[in-house]
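Read the structure below first, then the notes.
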Amino acid sequence: MKQFLYASDIGSISEALAEAKAVKATPFAWKHLGADRTIMLVFFNSSLRTRLSSQKAALNLGMNPIVLNIGQDSWKLETGLGVVMDSDKSEHLLEAIPVMGSYCDIIGVRSFASLTDREADYAETVLNQFIRYSGRPVISLESATVHPCQAFADLLTIEEHRTKARPKVVLSWAPHPRALPQAVPDSFAEWMLAADVELVITQPEGYELDPRFTSGARIEYDQMKALEGADFVYAKNWSCPGVTRPSDYGRILCDDRSWTIDAAHMAVTDNAFFMHCLPVRRNVIVTDEVIDSPRSLVIPEAANRVVSAQVVMKRMLETL
Ligand code: CP
């Protein structure tokens with residue numbers, strides 16, 4: 001595997017889930033694969049789970065992880081092409097990427113969306129520069145429009161807890177005080193559709209996700225109606241994807257707290273499990289009562305981030 005951004009990069013979803021279960025059962029069985037190998041984990045943005053789970057996955061495989069926080073540990077990097085570099089950014093990605101590539105065997109990159117330039121974000125401009133110039137396999141550790149390690153872990157968590165062949169999974173928009181990217185809901189929808197669960201997406205008008213990730217999902221603007229009979233409720237905020245009005249891209253269009261997932265929302269489900277990728281704003285996205293309930297999967301979901309990252313790194317090591 002040379003790059004990991006999309007569900008299609010993993011190939012057969014059922015084979016990937018079987019491999020994930022094997023890796024989870026015997027995490028150190030492939031330690032020989034990473035001997036004398038190095039993974040560079042490059043962070044343009046803050047992270048708790050991705051940073052730690054990626055390091056743990058690399059260590060389980062016998063690899064040496066190097067973590068670089070851009071702008072804190074390194075020079076500030078210019079990402080735009082053709083710019084006159086007279087700002088505070090001392091180095092261009094065009095030099096920094098091949099230099100980083102020369103120090104490692106695999107690169108993982110966390111680089112959020114700008115939320116100001118839809119075209120550049122949806123072209124995955126920063127991540128694609130790593131793919132083009134590093135000469136190494138590249139993992140998206142949440143880039144502008146996708147968070148595949150999260151979606152793979154979410155799918156594994158659903159696989160471990162489902163009691164029906166085709167569970168009903170509801171992706172629900174929820175309010176948030178800051179404008180957030182669409183990477184998590186984009187990848188979640190993409191992976192659920194690839195796994196063939198019954199996916200329903202509910203959001204206020206104007207928050208329609210890019211159809212390249214959601215084609216085939218049922219869209220329901222009435223949140224309570226969407227949640228009826230759900231087996232899994234996946235809450236997430238995202239800012240306006242700019243699908244219907246490009247000028248609204250990255251904006252907050254709604255702060256309606258009736259979308260916060262509370263006990264009344266969960267009561268119309270089929271005793272659903274609650275999921276969220278974390279970090280989560282308590283009593284904004286979800287009430288304490290719901291996230292602290294026995295049906296909350298947020299911790300096992302986060303724990304599975306090690307497993308998803310390890311499967312991806314293992315496959316990359318096998319093809320080096
Ligand atoms: N879910 C997730 O990616 O968490 P972090 O931003 O803390 O890595």
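All ligand and atom numbering here is 1-based and tracks the order in the structure.
- Nearest non-hydrogen protein atom to atom 4 (O) of ligand 1 is Arg49 NE, 2.9 Å.
- Among protein heavy atoms, the minimum distance from atom 1 (N) of ligand 1 is reached at Leu278 O, 2.8 Å.
- Close N/O approach between Arg51 and ligand 1 is not found [any backbone or side-chain N/O within under 3.5 Å].
- The side-chain heavy atoms of Phe273 and Val169, taken from C-beta on, include no pair separated by under 4.5 Å.
- Relative to the six-membered ring of Phe43, Arg110 misses at least one condition, a distance below 6.0 Å or an angle of at most 45° to the axis.
- In this structure, Phe188 has its ring center under 6.0 Å from that of Tyr234.
- Less than 4.0 angstrom separates some heavy atom of Thr50 from each of these atoms of ligand 1: 2 (C), 3 (O), 5 (P), 8 (O).
- Contact atoms of ligand 1 toward Leu48: 5 (P), 7 (O), 8 (O) (distance under 4.0 Å to a heavy atom of the residue).
- Given atom 3 (O) of ligand 1, the protein heavy atom at minimum distance is His147 NE2, 2.8 Å.
- Using the six-membered ring where Trp is involved, Trp259 and Trp173 have ring planes that are perpendicular, over 60° apart on the 30 and 60° scheme.
- Glu160 and Lys21 are not joined by a salt bridge, as no carboxylate oxygen comes within less than 4.0 angstrom of a charged side-chain nitrogen.
- Of the listed options Arg110, Gln150, Glu301, Arg305, Arg110 places a heavy atom closest to atom 6 (O) of ligand 1.
- Minimum interatomic distance between Ser215 and Leu193 (heavy atoms only, all atoms of both residues): O-CD1, 3.5 Å.
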